[in-house]
Amino acid sequence: MLKAVKVYLETMGCQMNALDSELVGSLLRQSGMELTADPKAADVLLYNTCSVRQHAEEKVHSRLGWACQRKADGKAIVIGVLGCMAQRLGKDLLSRYAGVDLVCGPGQLARLPELLATARDQKQLAVDEVSRASRPRAGKMPATHRSAAVRQGEQEDDIAAGPALDRLYDGRDVLSTHLPGQAYVRIMHGCDHFCSFCIVPFVRGRQESRSPQSIYQECRRLADAGVTQVTLLGQTVNSYSHRPEGGSETRLADLLERLSDIAGLRRLRFVTGYPTDFDDRLLQAMRDLPKVCEFLHVPAQSGSDRMLRAMNRHYTRDEYDQLIDRARSIVPGICIAGDFIVGFPGESEEDHQASADLIRRTRYRNSYIFKYSPRPGTLSAKRLGDDVPEAQKKRRNGELLAVQAQVSLAGNAALIGSNLEVLVEGVSRRSGKQPKGPAAGQVQLIGRSRGDHIVVFDGPKDLAGQYVNVRIESATALTLAGKREA
Ligand code: SAH
Ligand code: F3S
């Protein structure tokens with residue numbers, strides 16, 4: 001019997017990439033390949049990359065340097081770059097790295113088995129031709145996902161990416177989700193918002209919503225295989241809108257209602273929200289549908305109107321505040337997470353303080369805080385100088401993290417004494433390292449509440465994927481700790 005080809009697949013970046021890698025992993029296994037966690041044991045090295053900040057790309061360059069050196073040293077390996085950086089740099093990656101055999105953008109991943117089969121003999125370039133035009137006119141879907149998936153030098157063919165990607169979902173191996181009992185399900189591709197700093201619309205294309213039927217079927221298959229928590233993914237998931245020819249529109253609230261019917265599913269989540277697309281109907285659906293978790297990830301990016309305008313975010317600080325107030329009044333106990341960028345071009349000390357103030361006002365459960373990184377081709381990189389010195393960015397980043405840590409600690413401390421339902425993810429990385437370790441036969445487990453709080457507690461190893469009730473006894477800014485209730 002032929003030995004199976006061993007593939008090492010490393011994932012950088014966001015949940016979208018984690019999902020893409022999972023789907024790619026299924027596809028490769030179904031094509032007879034084997035996945036390995038050891039890059040040195042692999043015949044094929046694949047890097048699923050992120051372009052959202054320069055730092056993410058630097059990591060990929062360092063991996064490719066290592067892989068290409070191995071190849072130059074005589075190892076017979078195939079090297080592939082997948083994902084956003086593959087889409088962004090395309091053939092430049094092939095010319096920069098003699099050892100790279102395959103470059104495949106996120107819209108072309110369904111073709112990976114075929115591409116790999118020929119990559120050893122001929123370099124393969126498979127990227128979408130993503131339109132660089134700004135927002136499409138309302139109601140008109142531009143042909144942005146035309147495939148430019150061509151062998152070097154060949155002509156563009158005409159496969160649309162949408163149906164090709166459906167192949168990935170249909171073939172999904174439901175038994176290998178990222179955590180026991182949990183799954184990501186993509187409900188839309190791309191983004192139409194064109195925030196001036198963001199590379200995503202250029203590498204993931206325009207917004208396209210999947211049909212509710214195919215999402216429903218995928219969730220049902222997952223639930224039948226034992227998944228109880230589904231997280232719906234989209235760059236701006238609350239902009240989800242699907243309208244068949246002559247039919248009526250399905251929005252996120254409708255989708256949540258439909259998916260709530262699936263027996264076996266206990267929790268539904270969705271990320272990431274864009275601040276302008278939260279109508280009351282969606283917030284009411286969160287309140288009224290018991291399976292929908294009381295959690296919103298709704299990035300503000302800045303607390304200053306001047307910055308929001310320069311970032312091409314389509315809301316003001318005041319409108320954002322109103323959204324948060326509405327969410328808190330409609331959905332009791334809602335937990336909110338956010339993203340901020342520090343050091344955007346022209347950001348003054350006053351603008352920075354406005355962001356700190358927004359963190360205090362919103363009382364985020366947590367915030368992801370990023371230093372501005374100019375991305376080639378984006379509006380802010382083209383038009384605005386990266387004029388906040390690195391040292392200032394670093395300081396502002398530290399300051400916002402400190403403000404958020406205070407807010408998180410206060411929020412977490414308020415939960416001491418309460419009882420939370422926790423979906424167990426597995427053994428915590430710190431298990432066995434605590435000063436007073438768990439009792440014999442037990443380990444420290446980690447899981448998440450409905451509000452997405454990280455909760456640790458002691459229990460038997462085999463609880464991963466189960467729901468338990470935990471009485472909270474102590475809190476830090478990052479985690480809650482407690483005891484499992486019988
Ligand atoms: N809607 C997407 C956003 C993708 S980018 C989502 O699924 O979360 C994730 C975050 O990275 C953004 O919210 C923003 O805070 C940050 N980010 C994007 N481009 C950036 C850049 N050029 N520099 C620094 N941070 C950036
Ligand atoms: Fe990026 Fe803004 Fe879309 S952050 S993903 S362009 S909403």
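We count ligands from 1, going down the list as the structure has it; atoms in each ligand are counted the same way.
Figure legend: Arg53 and Phe370 shown as a cation-pi pair, the cationic atom lying under 6.0 angstrom from the six-membered ring centre and within 45 degrees of its axis.
For a distance threshold of 2.8 Å, the protein N, O or S atoms nearer than that to atom 2 (Fe) of ligand 2, listed by chain and number, are Cys195 SG.
Taking the six-membered ring where tryptophan is involved, the planes of Phe197 and Phe344 are perpendicular, since the angle between them exceeds 60° and thus also 30°.
Phe278 is linked by a ring pair (Phe, Tyr, Trp, His ring centres under 6.0 Å) to nothing, counting only residues two or more places apart in sequence or in another chain. Among residues two or more places apart in sequence or in another chain, the ring pair (Phe, Tyr, Trp, His ring centres under 6.0 Å) test is passed with Tyr184 by His178.
Between the side chains of Gln207 and His189, not a single donor N or O lies within less than 3.5 Å of an accepting N or O.
In this structure, Leu445 and Val455 have side chains that are not in contact, with every pair of non-hydrogen atoms separated by 4.5 Å or more. Using a 4.5 Å cut-off on side-chain heavy atoms (C-beta onward), Thr250 and Arg243 make no contact.
Across all non-hydrogen atoms, the minimal contact from Arg328 to Thr362 is NH2-O, 2.5 Å. Looking at every heavy atom in both residues, Gln235 comes nearest to Cys191 through CB-CB, 3.9 Å.
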Please produce the table of protein N or O atoms sitting under 3.5 Å from N or O atoms belonging to ligand 1, one pair a line, distance to 0.1 Å.
residue, atom, partner, partner atom, Å
ligand 1, 1 (N), Gln235, O, 2.5
ligand 1, 7 (O), Gln235, OE1, 3.3
ligand 1, 7 (O), Thr272, OG1, 3.0
ligand 1, 8 (O), Thr272, OG1, 3.0
ligand 1, 11 (O), Arg53, NH1, 3.0
ligand 1, 13 (O), Gln301, NE2, 2.8
ligand 1, 13 (O), Asp339, OD2, 2.6
ligand 1, 15 (O), Gln301, OE1, 2.7
ligand 1, 17 (N), Arg53, NH1, 3.4
ligand 1, 22 (N), Phe197, O, 3.0
ligand 1, 22 (N), Ser373, O, 2.7
ligand 1, 23 (N), Ser373, N, 3.0
ligand 1, 25 (N), Arg53, NH1, 3.4

